Number of protein chains: 2
Amino acid sequence: MSKEIILDNNTEELLRKHRLSVTESRLKILNLFMDQPGALAHGDIEKKAGEKFDRVTVYRTLQTFVEKGIIHTIPTADNSVRYALCRDECSEGHHHDHHVHFICTSCDTTYCLDDVVTPELKLPKGYVAQQIEVLAKGICNECSGK
Amino acid sequence: MSKEIILDNNTEELLRKHRLSVTESRLKILNLFMDQPGALAHGDIEKKAGEKFDRVTVYRTLQTFVEKGIIHTIPTADNSVRYALCRDECSEGHHHDHHVHFICTSCDTTYCLDDVVTPELKLPKGYVAQQIEVLAKGICNECSGK
DNA sequence: TCTGATTTTGCAACAATGTTGTATTTTTGT
DNA sequence: ACAAAAATACAACATTGTTGCAAAATCAGA
């Protein structure tokens, strides 16, 4: 008899779409991402998940999700990469996250500003850009309102 | 009798300017940065320095240099912050590195493109940017020429 | 140039983070 | 329901980053 997991099946379909086995930890981790607007670091996930989440499972799950194009990484200036859901269609191994990321210096939330497109750049001769990441730091919507 | 360290005194003056004691490890680390065009990760420094460099000393030296505005950090998408010399005048604790960073996917060198200025951004209402970091990935000058 | 005060270093011990291999469990397709 | 495939948990380990403190180097003033 299969365990009864009550979760919306958006997440389940997402996994199936990428030909990944539907497992409890994957569903839970996906839901963590869905349930909040920002990005999560590896550590956040271990904490938010309550008590028990094997560290190795989290590492491998995140790695799988990145490879499949379900989440993407966001660079930060400290040593903590954060992950966020890919809103748009990201094909396997090829992300199209041409939007700006915003890190709030007050509440430390990381946002994907999906509507802000990364600007064009004029690079010096010989440099060919394949991908451009824009990282803005400042005060977010929530924190500036108060 | 003081040990004889033969190094150009640009580095020494730089340290004095920031009221830092002139020590062997600081001079060596500064010279590592001077001797190459790109940025260095913590690990690079430990390796490049040959055999002996206490890890703790490197950590604390980098931290000091960042605080004093001698170097600045560059975010990356993997878990390895890199450091580069601040070309322009950076006051203590307040960096003016409004230039674009470029990471070559071929040779893995990180460049500061000092002449490429970060573009203006239109952020959604409520978001106030204090600092904007632009990170371009692609093929660098050196690698594209061949 | 000597000397005491200050700063920096090196070491040890530790904490946190990330990796790998393997046996066991779960999921999948038929 | 069953065999094959995939994912997990656990242990053991490697790497990376942190802290406290005694020893050493540097500095500033006489």
Side-chain angles (χ1 to χ4, degrees), chain A residues 1-5 7 9 11-30 32 40-68 70-71 73 75-83 92, chain B residues 1-5 7 9 11-30 32 40-68 70-71 73 75-83 92:
Chain A
M1 189 181 292
S2 66
K3 250 177 263 176
E4 25 185 341
I5 308 173
L7 292 169
N9 46 20
T11 49
E12 186 171 331
E13 280 171 21
L14 186 55
L15 289 177
R16 294 204 189 282
K17 180 176 141 195
H18 289 280
R19 299 184 196 173
L20 292 173
S21 296
V22 178
T23 68
E24 198 179 331
S25 27
R26 282 178 181 164
L27 290 174
K28 278 191 186 171
I29 290 178
L30 267 187
L32 284 184
L40 297 174
H42 173 94
D44 297 330
I45 294 170
E46 281 193 74
K47 287 165 201 156
K48 283 214 177 190
E51 335 69 40
K52 296 209 174 179
F53 246 139
D54 193 64
R55 210 169 56 245
V56 180
T57 300
V58 177
Y59 279 118
R60 295 206 253 232
T61 302
L62 289 175
Q63 183 181 305
T64 303
F65 285 177
V66 170
E67 282 165 4
K68 293 291 182 179
I70 298 174
I71 60 177
T73 59
T76 62
D78 57 359
N79 266 334
S80 73
V81 169
R82 302 189 188 187
Y83 301 87
E92 194 153 329
Chain B
M1 192 180 292
S2 67
K3 246 177 266 176
E4 24 187 339
I5 307 173
L7 290 169
N9 45 21
T11 48
E12 185 171 333
E13 280 172 21
L14 186 55
L15 290 177
R16 294 202 189 280
K17 180 176 140 193
H18 290 280
R19 298 188 195 168
L20 292 173
S21 296
V22 178
T23 68
E24 198 179 332
S25 28
R26 283 178 180 163
L27 289 174
K28 279 191 185 168
I29 290 178
L30 266 186
L32 283 183
L40 297 173
H42 174 92
D44 298 329
I45 294 170
E46 279 193 74
K47 287 165 200 155
K48 283 216 179 189
E51 335 70 41
K52 297 207 174 181
F53 246 140
D54 193 65
R55 210 169 56 245
V56 181
T57 301
V58 177
Y59 278 118
R60 294 203 257 230
T61 302
L62 289 176
Q63 183 180 307
T64 303
F65 285 177
V66 170
E67 283 166 4
K68 292 292 181 178
I70 298 175
I71 60 177
T73 60
T76 61
D78 56 358
N79 266 332
S80 71
V81 169
R82 302 189 189 189
Y83 301 86
E92 194 151 330

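Side chains are part of it too, since the values below use all heavy atoms of this structure and drop only hydrogens, waters and symmetry mates. All of these numbers come straight from a predicted model, not from anything done at the bench. Below, read A as the first sequence line, B as the second, and so on, with proteins coming before strands; counting in each chain starts at 1.
- The CZ-P distance, from B:R55 to C:dC11, rounds to 12 Å in whole Å.
- Here the CG atom belonging to B:L20 is positioned 8.5 Å from the CG atom belonging to B:L14, to the nearest 0.5 angstrom.
- With distances taken from any side-chain atom of A:T23 to the nucleotides C:dT20, D:dC27, C:dT27, the minimum falls on C:dT27.
- The nearest whole Å value for the distance from the CG atom in B:D54 to the P atom in D:dT18 is 14 Å.
- With hydrogens and angles left out, the side chain of A:R60 and the base of C:dG21 share a donor-acceptor pair within 3.5 Å.
- Between B:D78 atom CG and D:dT15 atom C1' there is a gap of 14 Å when expressed in whole angstrom units.
- Protein atom NZ of B:K47 is 11 Å distant from nucleotide atom C1' of D:dT16, rounded to whole Å.
- Regarding B:K28, its NZ atom lies at a distance of 18 Å from the P atom of C:dT8, rounded to whole Å.
- Considering CG of B:L15 and CG of B:L30, their distance stands at 5.0 Å, rounded to 0.5 Å.
- None of B:H18, B:R19, B:E12 except one satisfies the side chain to side chain contact (heavy atoms under 4.5 Å, CB included) rule with B:R16; the exception is B:E12.
- At the heavy-atom level, B:R16 lies under 4.0 Å from the strands shown only through sugar-phosphate atoms.
- Considering only heavy atoms from C-beta on, B:R82 stays 4.5 Å or farther from B:T73 through its side chain.
- Distance B:L27 CG to D:dA25 P: 15 Å, rounded to the nearest Å.
- Classification of B:K17 and B:E13 as a salt-bridged pair fails, no side-chain N sitting under 4.0 Å from a carboxylate O.
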Letter per nucleotide, 5' to 3', of nucleotides 2-7 of chain C [B base touched, S only sugar-phosphate touched, - untouched; heavy atoms, 4.0 Å]: -----S

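- Taken from CD1 in A:I29 to CD1 in A:I71, the straight-line distance is 8.5 Å, to the nearest 0.5 Å.
- The distance between atom CD of B:E24 and atom C1' of D:dA24, rounded to the nearest whole Å, is 13 Å.
- Atom NE2 of A:H42 and atom P of D:dT15 are 19 Å apart (whole Å).
- Between the side chain of B:S21 and the main chain of B:T23, no donor-acceptor pair closer than 3.5 Å is present.
- With D:dT19, D:dA11, D:dT8 as the choices, the nucleotide that has an atom nearest any side-chain atom of A:V56 turns out to be D:dA11.
- Within 4.0 Å (heavy atoms only), A:V22 reaches sugar-phosphate atoms of the nucleic acid but no base atom.
- Among the atoms of the strands shown, only primed sugar atoms or phosphate atoms (P, OP1, OP2) are found under 4.0 Å from some heavy atom of B:S25.
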